[in-house]
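Since this is a predicted model, take the numbers as computed values, not measurements.
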Amino acid sequence: MPLVSAPTLSWAELPHYSFEYPSPLLNLRWTLGCGQAFRWRETAEGWWVGVVRGCVLRVRSQGDTVEYAAYPHLPDPGFWPDYLRLDFDLEAMYSELGALDPHARASFESWPGLRLLRQDPTETITSFLCTTANSIPRIARAIEGMSVAWGEPIATIDDRSYHGFPTAEVFTEEIIPTLERDCNLGYRAYNLVRAMEQIAAKPPGWANSLRAMPYAEARAELMSVRSIGPKIADCVSLFALDKDEAVPVDTHVRQIALELYLPEITQKSLTTNVYNRIASRFREMFGERAGWAQEYLFFSHLMRHRDTPVL
DNA sequence: CTATGACCTGC
DNA sequence: CAGGTCATA
């Protein structure tokens, strides 16, 4: 790794820019901290700092103004509207889905401005392979460790070094011990490498091509990779592939569904059958934007049973 | 088709 | 037990 090529800088010396967006329709803390992305952290001054597609970014909201800086530059000129999916009509979603269900409506009112992101498919796959039976802080530390170990150094800014996300080719058998121990991934290390080897062997651009497929096809492609089950496939579909009808069913969503919508489910465990019944129920209720309803209800539940340090 | 256990750590 | 998955019974 050519560490010398990464410069030392301070945020203050970097140019800052801004754009306007109504604050009730964009809440950075909830959007970047809700567990769909793992490389953002909040500073004491209220900046969110992260690395996306090889660029270091910092961003914050002041009223309806969104300020940001980027090094060496934005991933592309239209980055923010793309990454934050600012073209998605959140207000319409609130009124249309809110009218269908009082619980959804309440979650929209509690967490206005929570948005789903459009993240990099390969990074999202890699990240969510680390989430199995794991907690958000530990996932974030593992991903940070992987980036420091195998990601391209970008810069040191205000005494913090930033690295790109490791490419799929990095994940070979030799690094399993490092993943297990240094990155603290435990048994997930083996699953991660096994999956990434399979992905690296796919035709170039495989992960990005999933976005152009219908949801069912993309999901099946993802699940053809060993260690990617229904939950991870749906997380990738929803957080990276624009598949708004994807409904990741985790323990939180399962509890919500059994409590509010499907009391007749008696199975103790989350079988494939139960998983599909819950996800289908969300789609019956909320249609092609079921994943948004899922995210709001999930986040409400997570905050009620506060097991995350984010907020 | 369902249920159970194993898999690494730590809060 | 945690924002699961796979193998086995």
Qualifying residue for side-chain contact (heavy atoms from CB on, under 4.5 Å) with F171(A), from M196(A), E197(A), R194(A): M196(A)
What is the distance, to the nearest angstrom, from the [atom1] atom on [X] to the [atom2] atom on [N]?
X	N	atom1	atom2	result
L270(A)	dC1(C)	CG	P	18 Å
Y190(A)	dC6(C)	OH	P	12 Å
R141(A)	dC8(B)	CZ	P	19 Å
Y187(A)	dT9(B)	OH	P	11 Å
L222(A)	dG4(C)	CG	P	17 Å
Y275(A)	dG4(C)	OH	P	10 Å
I136(A)	dG3(C)	CD1	P	7 Å
R254(A)	dC1(C)	CZ	P	14 Å

Shortest side-chain distance from [X], nucleotide among [options]:
X	options	result
H252(A)	dG4(C), dG3(C), dG10(B)	dG3(C)
R188(A)	dC8(B), dA3(B), dG4(C)	dC8(B)
R226(A)	dG3(C), dC6(C), dG4(C)	dC6(C)
N273(A)	dG4(C), dG3(C), dT2(B)	dT2(B)
T132(A)	dG3(C), dC6(C), dT5(C)	dT5(C)

Sort out the partner of dA3(B) for me: Watson-Crick or G-U wobble, both distances under 3.5 Å, none otherwise. dT8(C)
Categorize [X] for me: base, sugar-phosphate, or nothing, with a 4.0 angstrom heavy-atom threshold over every strand shown.
X	answer
P230(A)	sugar-phosphate
R138(A)	base
F298(A)	base
S269(A)	base
I139(A)	nothing
F239(A)	base
G229(A)	sugar-phosphate

[N] and [M]: how far apart are their [atom1] atoms, nearest whole angstrom?
N	M	atom1	result
dC8(B)	dA7(C)	P	15 Å
dG3(C)	dA3(B)	P	22 Å
dC1(B)	dG4(C)	P	23 Å

The answer to which of I228(A) and C235(A) contacts DNA chain C further toward the 5' end, by nearest nucleotide, is C235(A)
Examine Y162(A) together with Y71(A) and report whether their ring centres are nearer than 6.0 Å. no
With a 6.0 Å cut-off on ring centres, are W292(A) and F88(A) close enough? yes
Can you tell me if the side-chain N/O atoms of R194(A) get under 4.0 Å from OP1 or OP2 in dC7(B)? no
If you compare every side-chain N and O of N134(A) against the phosphate oxygens of dG4(C) (OP1, OP2), does one of them come in below 4.0 Å? no
Do you know which two heavy atoms are closest between D101(A) and A104(A), and how far apart they sit? OD2-N, 2.8 Å
Is it true that, when you exclude E173(A) itself, more than 12 heavy atoms of the residues, nucleotides or ligands shown sit nearer than 6.0 Å to its CD? no
Is the number of heavy atoms from other residues, nucleotides or ligands under 6.0 Å of D159(A) CG greater than 12? no
